[in-house]
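Below, read A as the first sequence line, B as the second, and so on, with proteins coming before strands; counting in each chain starts at 1. Excluded from the calculations below are hydrogen atoms, water molecules and symmetry mates; all remaining heavy atoms, backbone and side chain alike, are included.
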Number of protein chains: 2
Amino acid sequence: MTTTSPAGFRASGITAGLKASGSPDVALVVNDGPHKVGAAVFTTNRVVGAPVMWSRQVVSDGVVEAVLLNSGGANVCTGPEGFADTHHSAERAADALGVSAADVVVCSTGLIGERLPMDKLLPGIGAAAEALATDGGTDAARAIMTTDTVPKTTHVVRDGWSVGGMAKGAGMLAPAMATMLSVLTTDAVVDPALARRVLHTATSVTFDRVDSDGCMSTSDTVVLMASGASGIQPSEAELTEALTGAAADLSRQLVSDAEGASHDIAVHVTGATSTDAALAVARAVTRSNLVKAAVFGNDPNWGRILAQVGTVPVEVAPFEADQVDVSVNGVMICRSGAAHEDRTLVDLAADREVRILIDLHAGEASATVWTNDLTHDYVHENSAYST
Amino acid sequence: MTTTSPAGFRASGITAGLKASGSPDVALVVNDGPHKVGAAVFTTNRVVGAPVMWSRQVVSDGVVEAVLLNSGGANVCTGPEGFADTHHSAERAADALGVSAADVVVCSTGLIGERLPMDKLLPGIGAAAEALATDGGTDAARAIMTTDTVPKTTHVVRDGWSVGGMAKGAGMLAPAMATMLSVLTTDAVVDPALARRVLHTATSVTFDRVDSDGCMSTSDTVVLMASGASGIQPSEAELTEALTGAAADLSRQLVSDAEGASHDIAVHVTGATSTDAALAVARAVTRSNLVKAAVFGNDPNWGRILAQVGTVPVEVAPFEADQVDVSVNGVMICRSGAAHEDRTLVDLAADREVRILIDLHAGEASATVWTNDLTHDYVHENSAYST
């Protein structure tokens, strides 16, 4: 049910002592082949951690032997010394695995602006290499947790091949450490160009549409490794479908584990002139503190939703404000831009999941973006601790 | 010290019964001339209230006789009936004043999506007309308050002429009703084109740079009326300076009265290639829930600030991430994109005002945007009541 479920992968998760809590904090996921195909997508933030800078180079040739991950420190804004730390970490892993450091992706998550304790991390990498096992995926998933309450793993099985994966982070739980990391694995036969293409397609409709609080991390990384161990070469459509399913499952788990949140909110925009237009409107709503606070208060406040819809420039999303319908949990409380069904018919308290449907009546395109509500716990988790 | 401080204006504020609290809720500000010059700027939201639709027409010819304002209801998303309500309100005021309804600006603030109680509002307009007085500016300022704790007024005096003003709303206090309304008056001799120009200049560097929570209202309106009663015709530069001073004073009062907030945050970006670049970076920071929650926790979290700076696309704001300095309350805790002075030297608990200085080291331009911190009171005020 995780990164080691597809054939050709080993993984491990151990405690190196990076975290004061003593929880596991170093993970390895290794591709034993026969193919060593890899691809990755990274944060688009211009401020990125040393691991992102390093790993962009690693994946550029389409070859990835292993992914080394640590929690307990993000290694961001740490200057040339921080980059050297990442380099040394990759070399330590490469030595233990008998591969080239240039084929080892590195991911770090935790506090920004502080060096990693290399005296603990380097021995930990050796221990992680020794602990590698074909059933080590769950240990790896545990070792990358920060404020996650549960490890997040997935496995999408097809005929003779599969896609596995793990992820950590995000939601609104403690976005200071919201580095969203995910490792996806498959035993399908995939060439590097295809791996890159399907990973971009899969992440663009899954991880890219979870918008916890509009704050873009400096370390977000999603890595795909393909071992080819199944000997089966699915079509691009089949591979895209399975990979998207795995990424969607992990994305939904990220939203559901948003500790600071009491509701998961799906904003579905339909009737848009294009997918980009639908996305722009959905993101305008998911980023509204007023909408999110209203949902926390179980208030189906369509006025706040419509006000956010109206902030999207007409050149981005053409529509007429007086044609927009808004339904919350199936009740159309706003029709043609004005009050319609009684808002007291909407029960937001019953379920954690809230469905906001916005019909722009301008075209045929649609898109969904997930977010969480804005709660006292969110403010508490992001103000009470210096993270 | 308010809209009636310049010569040629009368104002009033009375209780029509729109608010359950029984507080004053209808205000009038009348220009007795000799000139009846007017200009206004409105929200750029595509979803706007009937008063904004109405008032855009009123100001288009540069003539404004009076501004009618009410709290207790925003008259937004109320369809053709809501527009008719605004029209009838303007006619009632025009009748009482002996002017044309087409010269009466209307501003409403309060809940979205509900009709105004016209049986109370129309008699209230008559009462407001009867109560008009040359010292009525303070009553008017009180009658437009919603969750404001104090009325907000200003008076900038020059040699023989002056600019007065009042404002309500915003900050983060209860942005559901965050319609930011302001009426500015001057007894200077100003032609309509100049009035429009200086008002745009003044608001673009004042009201437009208070970014409470990134949520754009459907009703924001700033009106300028010029009576010419002083007989003095200042230069455009003099007028711009005085009007900007008045608008800046009112803007600062809006930030300071943000009840849900415990800190006012000035984000000053310098070393930018253009004012637009500086503004884009400043707004990226002022809209970050993570930065705002950190300030609430008295945590000078430069990592969160830098991560927001990095979200601005390079085509919008050219700079190198590893050259950016960040100072908080005068302590440079981040230099060249990495940790510098000890963050414990920053004391955020001492003052309500927090100064964040970001030097991009890319050019000569700068800009400042004000916001507030993200607090439990903000979440409470925007979730506990159905507004």
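Taking the side chain to side chain donor-acceptor pair (under 3.5 Å) definition, one finds that A/Asn70 meets it with A/Ser108, sequence neighbours left out. The side chain to side chain donor-acceptor pair (under 3.5 Å) search around A/Asn298 returns A/His263, not counting sequence neighbours.
Salt-bridge formation is detected for the pair A/Asp264/A/Arg352: a Lys NZ or Arg NE/NH1/NH2 atom is positioned less than 4.0 Å from an Asp or Glu carboxylate oxygen.
Contact count versus chain B (heavy atoms, under 4.5 Å) is highest, among A/Val324, A/Val312, A/Asp322, for A/Val312.
B/Glu341 contributes no side-chain N or O that, together with a main-chain N or O of B/Ile333, makes up a donor-acceptor pair within less than 3.5 Å.
In this structure, the portions of A/Val314 lying under 4.5 Å from any heavy atom of chain B include both its backbone and its side chain. Heavy-atom distances place no part of B/Pro300 under 4.5 Å from chain A, backbone and side chain included.
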